[in-house]
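Remarks on the structure that follows.
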Amino acid sequence: MAENNIDATSEAPSDFIRDIVRGDLDAGRHTDIVTRFPPEPNGYLHMGHAKSICLNFGLAGEFGGRCHLRFDDTNPAREEQEYIDAIMEDVRWLGFDWGTHLYYASDNFEQLYAWAEHLIEAGKAYVDDLSAEDMREYRGTLLTSGRDSPYRTRTADENLDLFRRMRAGEFGDGTRTLRAKIDMASGNINLRDPVLYRILHADHPRTHDAWCIYPNYDFAHGQSDAIEGITHSVCTLEFEDHRPLYDWLIENLPVPAIPHQYEFARLNMTHTVLSKRRLMELVDGGHVTGWDDPRMPTISGMRRRGIPAAAIRDFAARIGVSKSNAVQEVAALDACVRDYLNQRAVRRMAVLKPLKVVIENYPEGDGEMLDAINNPNDESAGSRQVPFARELYIEADDFMEEPPKKFFRLGPGREVRLRYAYFITCTDVIKDQAGNVTELRCTYDPETKGGNAPDGRKVKATLHWVSAAHAADAEVRLYDHLFAAEEPGVEGDYLSDLNPDSLEVLTGCKLEPSLADLAPGETVQFERLGYFCRDADAGVFNRTLSLRDTWAKAKSKG
RNA sequence: UGGGGUGUAGCCAAGUGGCCUAAGGCACCGGCUUUUGAUGCCGGCAUUCGGAGGUUCGAAUCCUCCCACCCCAGCCA
């Protein structure tokens with residue numbers, strides 16, 4: 001999969017954000033657009049972030065602008081270097097490049113501080129001594145307006161003095177804040193004198209102990225946008241009512257540029273959760289093996305699971321961007337993964353639940369090498385040699401002693417094709433004491449080498465197989481939805497919706513020899529089964545996704 | 001009468017007064033092809049756009065009222 005960067009969807013997406021950008025460009029409001037992806041380094045990136053990354057970098061790419069990667073690192077209490085590193089790796093893996101435009105909100109701390117003093121001098125910000133509890137009380141409620149803090153009328157000089165002493169470390173955490181002086185009666189709670197700075201004696205991953213006061217999101221984000229020259233600051237819907245504050249700060253500060261904020265609906269998907277808080281709980285609670293557990297909707301989890309970056313990009317393009325709260329079915333993502341892998345993944349044979357087969361009329365000894373096509377959808381993928389011999393393994397599910405009418409695989413007396421090999425007929429069924437089928441005795445027709453009968457004889461099924469003597473052993477991990485419920489947590493605790501069968505570990509699986517040298521991280525198709533990815537853990541394969549299986553569906557319907 | 005949003009098929013989503021008796025994708029249902037019961041191909045799938053009124057020759061698109069759902073009361077982002 002070297003050409004992971006080629007997207008399946010070629011048409012340029014159209015949505016309200018792109019309409020706005022196009023309009024701004026056409027009207028000459030901007031000659032170049034600049035966007036940004038602004039993660040807080042307090043966790044790993046997930047599918048929801050992927051949607052945002054594709055939007056922001058996509059916009060820059062489509063309209064000839066650029067997209068910055070900016071860490072919104074204004075809360076040292078929960079940010080870590082580990083997350084910064086992981087985030088950069090994930091964005092790059094997704095296929096995007098921020099070039100030299102890597103920024104940190106913390107790089108702006110000095111400028112932000114100066115702007116805070118500017119607001120104080122203009123009488124538009126004040127130092128408040130209210131405790132968090134009192135401030136909540138003064139803020140009012142959704143239905144009632146708030147009241148002015150008793151400290152709201154301090155003079156600019158007094159505020160300046162206090163604010164400088166806050167920076168100097170004279171006060172303890174939580175004892176004072178810097179607040180914008182806007183309107184305690186506003187219907188928009190974000191405008192009821194929002195906190196701009198808080199005291200936090202904490203070690204910051206980048207500035208360490210240089211500061212003990214930190215700007216919060218509202219004071220850092222828009223101003224960082226202005227400093228970087230961001231033209232379109234795209235965020236999610238929950239920030240919609242922060243926009244008046246965003247604009248108020250931009251208007252009241254001598255910023256070098258005027259950015260604008262636009263909001264779109266965040267991604268929701270069935271059978272999973274997309275919130276850093278919950279994903280963190282799954283990791284900390286040991287419900288998964290880590291942020292990169294293949295069942296996680298994190299970018300690292302999906303990567304380990306074998307999902308190609310191009311499929312994720314295609315998914316982002318297909319679902320579009322809107323303002324309506326929507327829940328995407330995972331099936332839509334699955335379709336993107338299958339589309340991509342069907343075209344690109346090389347085919348191999350592997351038997352997950354082996355059933356031994358002995359071809360009684362086949363000569364004993366080394367056997368022979370047979371030619372097998374690597375990808376019927378891509379001639380350039382070529383072919384390979386697969387060893388065939390007297391003793392083989394076939395999939396246990398491909399045999400039934402008493403096959404029902406619609407089952408057309410192997411059964412006593414039946415003839416089927418072994419892919420790229422021969423037609424075989426089952427002549428005898430060997431069982432153990434308990435009556436379990438342990439081995440099949442078959443005969444083959446030497447005339448059918450390669451898989452076709454010269455007499456035109458047809459067969460109803462083609463089975464995958466592996467030569468017993470040449471097979472490599474492997475552990476294969478089968479994954480299912482992490483959550484059994486479509487929307488975890490709609491009723492009760494979301495953890496109670498965890499799917500107890502989300503992981504099935506199969507050992508003693510038999511692989512064709514070429515699979516032994518597959519590179520970790522590469523996804524291939526196991527014929528008739530699905531797509532599988534070699535894990536970094538040698539000898540382990542993760543199932544990316546099964547193939548569509550109309551037989552299984554028909555069977556379950558009865 | 002707190003503020004801000006959203007409502008188009010099972011799930012997404014185009015559409016911005018007349019080529020809309022409403023794109024496209026996913027899902028689903030048929031048929032054909034097939035050395036993967038995969039893939040591919042063909043066909044089906046909203047006389048209707050949250051509801052009710054109104055404006056207009058003409059409305060999913062404009063107006064009014066109503067209904068439903070989502071977000072906001074962190075010194076988180």
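Please read all numbers here as calculations on a predicted model, not as lab measurements. A, B, ... follow the sequence lines: proteins, then strands. Residue 1 opens every chain.
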*Under-4.0 Å side-chain N/O to phosphate OP1/OP2 contact, A:Lys323 with B:rC71*: no
*What is the pairing partner of B:rA38, taking Watson-Crick or G-U wobble pairs with both distances under 3.5 Å in any strand?*
none
_If I pick the P atom on B:rU64 and the same atom on B:rA27, what distance separates them, to the nearest angstrom?_
41 Å
*A:Phe388 and A:Trp465: aromatic ring centres closer than 6.0 Å?*
yes
*asked:* Check this one for me: any side-chain N or O of A:Arg198 less than 4.0 Å away from OP1 or OP2 of B:rC76?
replied: yes
_Looking at the base of B:rG5, is there any donor atom on it, or on the side chain of A:Glu263, that sits under 3.5 Å from an acceptor on the other one?_
no
_When you measure from the side-chain N and O atoms of A:Arg548 to the phosphate of B:rU39, is any distance below 4.0 Å, counting only OP1 and OP2?_
yes
_So that I know where these two stand, are A:His204 and A:Phe109 an aromatic pair - ring centroids less than 6.0 Å apart?_
yes
*Ring centres of A:His242 and A:Tyr246 under 6.0 Å apart?*
no
*When you check the phosphate oxygens OP1 and OP2 of B:rG37, does a side-chain N or O of A:Arg528 lie under 4.0 Å from one of them?*
yes
*Indicate yes or no: does A:Asp397 engage A:Arg409 in a salt bridge with an N to O separation below 4.0 Å.*
no
*Taking only side-chain nitrogens and oxygens of A:Ser145, does any of them come within less than 4.0 Å of OP1 or OP2 of B:rG2?*
no
*Please give, in whole Å, the distance from B:rC12 P to A:Gln328 CD?*
7 Å
*Is A:Arg457 salt-bridged to A:Glu415, cutoff N-O under 4.0 Å?*
yes
*Hey, is the side chain of A:Arg139 poking within less than 4.0 Å of OP1 or OP2 on B:rG74, counting only N and O atoms?*
yes
*B:rA60 and B:rG3: how far apart are their P atoms, nearest whole angstrom?*
31 Å
*asked:* So that I know where these two stand, are A:Phe264 and A:Phe16 an aromatic pair - ring centroids less than 6.0 Å apart?
replied: no
*Salt-bridge test for A:Arg18 and A:Glu62: reply yes if a basic N is under 4.0 Å from a carboxylate O, no otherwise.*
yes
*Base-pairing mate for B:rC65 - Watson-Crick or G-U, with both contacts under 3.5 Å*: B:rG51
*Identify, between A:Arg136 and A:Glu238, the residue whose nearest nucleotide on RNA chain B lies closer to the 5' end.*
A:Glu238
_Strictly below 4.0 Å: does A:Ser322 bring a side-chain N or O up to OP1 or OP2 of B:rC12?_
no
_Using a 4.0 Å heavy-atom cut-off, does A:Leu547 contact any base of the nucleic acid, only the sugar-phosphate backbone, or nothing at all?_
base
*Any N/O donor-acceptor pair, A:Gln525 side-chain to B:rU36 base, under 3.5 Å*: yes
_Between B:rU39 (C1') and A:His464 (NE2): distance, integer Å_ = 17 Å
*Are A:Phe532 and A:Phe541 near enough that their ring centres are under 6.0 Å apart?*
no
_Nearest-Å distance once atom C1' is located in both B:rU48 and B:rC41_ = 30 Å
*Distance below 4.0 Å between A:Thr550 side-chain N/O and B:rA38 OP1 or OP2*: yes
*For B:rC76, give its Watson-Crick or G-U wobble partner with both distances under 3.5 Å, or none.*
none
*When only distance counts, do a donor and an acceptor, one from the side chain of A:Asp549 and one from the base of B:rG37, lie under 3.5 Å apart?*
no
*RNA chain B contacts among residues 172-197 of chain A, heavy-atom distance under 4.0 Å*: A:Gly174, A:Thr177, A:Gly187, A:Asn188, A:Ile189, A:Val195
